[in-house]
Structures are given as C-alpha cells and as structure tokens.
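Note sheet for the following structure.
Remember, it's a predicted structure, so these values are computed and weren't measured experimentally.
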Amino acid sequence: MPKKIYWILPVLTICALCALPLRAQQQRAAAKPDSPEVLAHIEKAKKIAGTYWASAEHFLCEAPRANPTTDPGPVKLFDNFWAIPGQYSVGNAVTYVFPTSAGIMIIDPGHAKDVETVLLPGLKTLGLDPANIKVVILAHGHEDHYGGAAYLQQHYGAHLYMAAADWDFINIPRPPAAGGNAAPPAPLPKRDMNAFEGVPITLGDESVTPVFIPGHTPGSLGLIFPVKDGGKMHVVGMVGGGFIAQGPASQVQEFIDSIQHFEEWTKKMKVDVEIQNHPVFDGFADKLTALRARKPGEPNPFVVGQENYTRFLDLMIECAKATRDRQKD
C-alpha cells in the first residue's frame with residue numbers, strides 16, 4: 001500500500017472510531033469476543049493501573065469514549081504553565097501556554113474554528129497579549145492540534161515547530177468530507193521549523209525537549225519540559241501522539257515501540273508530572289477540581305511521581321498491545 005494511503009486510512013479510522021457511540025462499540029465487542037492474548041494484555045494493564053490509573057486503563061483498553069465535562073476555562077497548573085482546555089473530547093486538543101521572558105510559547109493551538117472564540121479570549125483572561133506569541137509547538141499533524149497555527153503565523157508572525165514527517169503529512173490531500181454541508185478544510189500553515197529529537201525548543205527562559213514517537217501520525221512528538229510549583233522544580237511528560245492509533249497492526253506496533261522509546265527518555269529526564277493534549281482519560285478534570293481546592297502546602301495533583309508516570313506509560317503500552325492483537329484476529 002502506498003505510504004500516503006497507509007496514513008490516510010488510519011486517520012479516517014480513528015475519526016470514525018471516536019464517533020462511535022458506546023452501544024455500537026459494545027455490540028462490536030459482543031460480536032467478536034477478545035482473544036485470550038488480548039484479555040491477557042488487558043488484565044496486565046489493570047494490574048499496572050491499580051486504582052490510580054483505572055480510568056485511563058478503561059478508556060485505552062476497553063471503551064475509548066470521553067466523559068462529558070464542563071470547560072473550566074483557562075487554568076494555572078504551575079507557576080509558569082497554564083492550560084486553555086476548551087471542549088473536552090477526543091476531537092479537541094487542550095492548549096498549553098508558557099509565558100516566558102521572551103514572549104509566549106504555546107503547545108497545540110487547537111482547531112482553526114476555535115482560535116478567536118477559545119484561544120485568544122483564553123489568553124486575554126490569563127492577562128497575556130496574543131501579539132506576544134513567538135513559538136508554537138505542534139505535537140502532531142491532526143487539525144485539532146495544528147488548525148489554529150496558520151492564524152497565529154499570519155497575525156503574529158509566530159514560529160511553528162513540528163516534526164518534518166508531519167509537515168509532509170498535513171499536506172497529503174484528504175478525501176472531501178461526507179455531506180454537502182461539510183465545513184471547508186482548515187487553512188494549512190506555511191512550512192516553518194523542524195523539531196529534532198533531543199534538541200530543546202527554547203524561548204527565553206523556557207525549553208521543551210521533543211522526542212519522536214511516530215504511530216498516531218508519522219511525526220508525533222512526545223514533549224518533556226520543566227515547570228515550577230511554589231518555586232520547586234518538576235518535569236512534565238506529554239505523549240503528544242494522543243491516544244492509541246486504531247490503524248493496522250503494524251501501525252499500532254509502531255506506536256508501542258514509540259511509547260517504549262519515550263519511556264526511556266522520561267526516566268532519563270526524571271519526569272514526575274503527567275499531562276495529555278486530550279485530557280479525556282487521565283483524570284484531568286478531577287485534578288483540576290483538586291487544584292482549585294488546594295490549600296497552601298498541599299501537593300499539586302498533577303505531580304504524580306516518577307514511578308507513577310512510568311506506570312502510566314506501561315499501561316498505555318499494554319493497552320496498545322491489546323489493540324494490536326485485536327487487529328490481528
């Protein structure tokens with residue numbers, strides 16, 4: 001199969017699976033029971049997850065369906081790190097914001113349609129001037145992550161960073177959306193800066209280290225960066241490749257290999273904070289509730305610890321193995 005088609009088909013498959021109601025997924029599962037190999041991976045994932053990561057295990061291994069959650073608006077997660085969540089869903093990426101000594105750095109600006117209604121108002125709520133956006137990191141080449149980038153590039157001259165493979169990927173022609181009233185495709189940003197594994201993307205006093213984790217898309221990135229909480233340093237890890245790809249078994253195996261590779265980096269860099277750019281399965285909403293109720297001296301709920309972060313990646317790997325083996329059956 002030509003490479004371009006190989007990657008287009010999984011994208012369409014992911015979108016279709018995300019749209020499936022739970023009943024349809026249950027009916028599909030009932031029609032084709034999981035094999036002993038798949039069940040063994042799920043059982044291992046449950047043991048890894050324990051109670052702390054139980055919701056992540058359920059989403060990744062069993063029912064990829066997000067629970068509806070009210071958008072809390074822009075929130076401060078750490079002294080130097082903010083989130084603009086927007087709508088919680090598998091089709092909406094949360095935007096993260098670093099105010100630095102040399103301007104604003106953003107991770108994933110979200111959908112093109114949400115720039116003027118979610119992103120820019122969110123920045124102003126945080127007291128930040130969008131005109132100071134200097135760097136935008138695109139964790140992977142799906143529109144809910146890069147869609148707003150063209151606007152920021154055109155209006156503010158922001159530099160965009162993405163893996164070279166996903167600069168190519170976003171320019172692959174896509175089939176027209178079904179239905180006569182389908183919205184026009186989001187404008188593509190002009191090709192700009194390439195992200196390189198292990199080479200920090202730096203703006204002022206803040207840096208983000210990219211790690212290549214292909215699978216969800218050809219150029220998906222894992223991101224690792226320091227944050228401060230009450231002046232104390234912590235290190236964030238983000239699997240920027242979203243959740244497990246639902247393509248052919250070979251693509252899912254690539255995702256597994258990538259997460260194992262990312263885990264090596266997170267151990268080396270002592271990651272102890274877990275975030276996702278789709279906060280629909282890792283307890284993000286509950287952590288925000290705890291953060292708002294946090295009293296002075298209490299721990300930050302987003303700090304999970306190095307061992308716990310490794311467990312999160314390990315259960316993701318086991319659930320991906322279950323997904324891979326389902327594709328083989």
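- The pair E254-R324 does not meet the salt-bridge criterion, since no charged nitrogen lies less than 4.0 angstrom from a carboxylate oxygen.
- The pair K267-E263 meets the salt-bridge criterion, since a charged nitrogen lies less than 4.0 angstrom from a carboxylate oxygen.
- Evaluation of the salt bridge (charged side-chain N to carboxylate O under 4.0 Å, His left out) test over residues 48-57, restricted to residues two or more places apart or in two chains, returns K46-E57.
- Applying the salt bridge (charged side-chain N to carboxylate O under 4.0 Å, His left out) test to residues at least two apart or on different chains, none of the pairs has a partner in residues 72-86.
- The side-chain contact (heavy atoms from CB on, under 4.5 Å) test applied to A163 returns F212, L221, not counting sequence neighbours.
- W53 meets the side-chain hydrogen bond (donor to acceptor under 3.5 Å, both in side chains) test with N308; sequence neighbours excluded.
- You'll find the ring centres of F312 and Y52 outside the 6.0 Å limit.
- For E197, the side-chain hydrogen bond (donor to acceptor under 3.5 Å, both in side chains) test picks out H261, with sequence neighbours left out.
- Annotation: ring pair (Phe, Tyr, Trp, His ring centres under 6.0 Å) contacts involving residues 110-140, sequence neighbours excluded, comprise H140-H142, H140-H145, H140-H216.
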Show, in sequence, the C-alpha distance, side-chain angles and deciding distance for Y96 and D108, and conclude whether the side-chain contact (heavy atoms from CB on, under 4.5 Å) test is met. CA-CA 7 Å; Y96 292 107; D108 286 350; over 6 Å; no
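- With sequence neighbours left out, E143 forms a salt bridge (Lys or Arg N to Asp or Glu O under 4.0 Å) with no residue at all.
- Pairs of residues two or more places apart, or lying in two chains, that qualify as salt bridge (charged side-chain N to carboxylate O under 4.0 Å, His left out) and include a residue from residues 218-239 are D229-R294.
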Could you check Q260 against I317 for side-chain contact (heavy atoms from CB on, under 4.5 Å), going step by step and ending with a plain yes or no? CA-CA 7 Å; Q260 291 172 333; I317 290 167; 3.5 Å; yes
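- Ion pairing of D314 with K47 is absent here, as no side-chain N (NZ or NE/NH1/NH2) approaches a carboxylate O to less than 4.0 Å.
- Aromatic ring centres of F281 and F243: separated by at least 6.0 Å.
- A search for ring-ring contact (aromatic ring centres under 6.0 Å, His included) contacts involving Y309 returns nothing, not counting sequence neighbours.
- K134 pairs by the side-chain hydrogen bond (donor to acceptor under 3.5 Å, both in side chains) definition with nothing, not counting sequence neighbours.
- Residue pairs satisfying the salt bridge (charged side-chain N to carboxylate O under 4.0 Å, His left out) criterion with at least one member in residues 113-125, sequence neighbours excluded, are absent.
- Of the possible polar contacts, none joining the S220 side chain to the P214 backbone as a donor-acceptor pair under 3.5 Å is found.
- When the side-chain hydrogen bond (donor to acceptor under 3.5 Å, both in side chains) test is applied to T202, the partners found at least two apart in sequence or on another chain are S207.
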